[in-house]
Enquirer: 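Sharing a structure with you now.
Computation of the quantities below employed the complete heavy-atom set of this structure, encompassing side-chain atoms and omitting hydrogens, waters and symmetry-equivalent molecules.
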There are 2 protein chains.
Amino acid sequence: MVEAAVALIEEGGIEAVSVREAAKRVGVSPGAPFRHFESKTALLTAVATEAMARLTRHIEQALADAADATPLEQYRVLGYAFLAWAFGNPTHFEVISTRAVIDFEASGLLAANNRIRDRMLQLLKEAVARREIMSVSAEDAMLATRALAYGLARMYIDGQMPSWGIEPQAALQTARRLLDMQIDALRRPRRGD
Amino acid sequence: MVEAAVALIEEGGIEAVSVREAAKRVGVSPGAPFRHFESKTALLTAVATEAMARLTRHIEQALADAADATPLEQYRVLGYAFLAWAFGNPTHFEVISTRAVIDFEASGLLAANNRIRDRMLQLLKEAVARREIMSVSAEDAMLATRALAYGLARMYIDGQMPSWGIEPQAALQTARRLLDMQIDALRRPRRGD
DNA sequence: ACCTGAACACCGTTCAAGT
DNA sequence: ACCTGAACACCGTTCAAGT
């Protein structure tokens, strides 16, 4: 059922998912899925949980590969990993980020989100402690990075890049460059310093 | 019909809109709206066109009030105006930004979007010419601002702020602060300069 | 324990027929 | 010119009945 749902999203976006159609593809009657998923929302939440697990694994793998790098470089790696995963898996990213159709509080989605968030904060605090970056509010810097990366990823999956002058095939590269600009700015003295 | 659609979105988000329910509220039969709107998408596109007109007016008013400010300050004003409008009119913002349910290429939506984009580019180029900011790619700076502001606005309307540690009532203030950080970074020397 | 298949209350959309 | 109201092909969800 989860696979069938993913296939339907791939074909026509998230609102093209119908429990009935997914059931038909699995070869089962319209009512059968409701023995396994309480509702359509629960089905999409299961898809989201799977997607979030993949995103988390992708990020953790990238961080493990960069274990020797400085905190700020690891922060950058985390951002890159997020962007690469979102741009490379638009279907799964769409489900995670469209909270109107899933139950984000449930199924460890919030917990996984918080783990990423804590990791970002921790890396930023280490970077400050090592004087790798200027003394900034780690919360603000993290939120700025998250908002930038999330904004870019959503613009990409919503097909907004062209109307802002970016060819889709150049989008990931551009996104990385903008993230770099933001992260590099953390290292430069602020007005008045 | 447009008003009824807005009311339905206000009550239950964009996917709670049904042409039949809107027709019922207007006191008309289920098929009647289809004489005036080709499809549900066309109806929501009409809502989006109205919303985009309001956003454009809001931004142009803010810029007119700041006509004496420097280009960079006007750029900031434009960003503030976008954030204030998006946070203050979540229903209308949702329609503009959910491109899966509207026809963005039609009805001047793209044109209005391009006008805002051109205005941002122009202000940035003036700011560079006046040496108000470092010499950067105006395209990159614009896209970074757009992605940050859009990301923040979507996080807000999707209810994601709490899971990133921001109380909703502090969200606009935080968003403005992060936009300030980004814009101020344009004034500081880059690595290697 | 799991599925079927009918049923209910909804959809978007079309279209003859009415005024 | 505009609306009605029935119709069609869909939905999500429930539930008795079957295996």
Enquirer: Kindly point out which of D:dG12, C:dC3, C:dG12 is positioned nearest to the side chain of A:H36?
Expert: C:dC3
Enquirer: Nearest to the B:F34 side chain among C:dG12, C:dC3, C:dC15, which nucleotide is it?
Expert: C:dG12
Enquirer: In terms of side-chain heavy atoms, does B:R76 have a donor or acceptor partner in B:Y80 at a distance below 3.5 Å?
Expert: no
Enquirer: So does B:S29 get a side-chain nitrogen or oxygen closer than 4.0 Å to the phosphate oxygens (OP1/OP2) of D:dC3?
Expert: no
Enquirer: D:dC11 pairs with which nucleotide, Watson-Crick or G-U wobble, both distances below 3.5 Å?
Expert: none
Enquirer: Taking OP1 and OP2 of D:dG12, is either one under 4.0 Å from a side-chain nitrogen or oxygen of A:S18?
Expert: yes
Enquirer: Over all strands shown, is B:V26 touching base, sugar-phosphate only, or nothing at heavy-atom distances under 4.0 angstrom?
Expert: nothing
Enquirer: Taking atom P of D:dC11 as reference, at what distance in whole Å does atom CD of B:E15 sit?
Expert: 17 Å
Enquirer: Is there a donor and acceptor pair, one atom on the side chain of B:R20 and one on the base of C:dT13, closer than 3.5 Å?
Expert: yes
Enquirer: Rounded to whole Å, please give me the gap between CG in B:L8 and P in C:dC11.
Expert: 10 Å
Enquirer: Rounded to the nearest Å, what distance is computed from the NZ atom of residue A:K24 to the C1' atom of nucleotide D:dC11?
Expert: 12 Å
Enquirer: Of A:V19 and A:A32, whose closest DNA chain D nucleotide lies nearer the 5' terminus?
Expert: A:V19
Enquirer: Verify the distance criterion only: is there a donor paired with an acceptor across the side chains of B:R146 and A:Q160 at less than 3.5 Å?
Expert: yes
Enquirer: Between C1' on D:dT13 and CE on A:M1, what's the gap in Å once rounded to a whole number?
Expert: 13 Å
Enquirer: Search all heavy atoms of B:F82 against all heavy atoms of B:A153 and return the closest pair with its distance.
Expert: CE2-CB, 4.4 Å
Enquirer: Would you say the side chains of B:D118 and B:Q122 form a donor-acceptor pair under 3.5 Å?
Expert: no
Enquirer: What is the distance, rounded to the nearest whole Å, between atom CZ of A:R35 and atom P of C:dG5?
Expert: 15 Å
Enquirer: Could you tell me how far apart A:R25 (CZ) and D:dC11 (P) are, to the nearest whole angstrom?
Expert: 11 Å
Enquirer: Grab the NZ-C1' distance between B:K40 and C:dT13 for me, whole Å please.
Expert: 12 Å
Enquirer: Atom CD of B:E38 and atom C1' of C:dT14: how far apart are they, to the nearest Å?
Expert: 13 Å
Enquirer: Can you tell me which nucleotide in D:dT13, C:dC3, C:dC15 comes closest to the side chain of A:V28?
Expert: C:dC3
Enquirer: Would B:Y75 and B:T145 count as having a side-chain donor-acceptor pair, cut-off 3.5 Å?
Expert: yes
Enquirer: Is C:dG18 paired to anything, Watson-Crick or G-U wobble with both distances less than 3.5 Å, and if yes, which nucleotide?
Expert: D:dC2
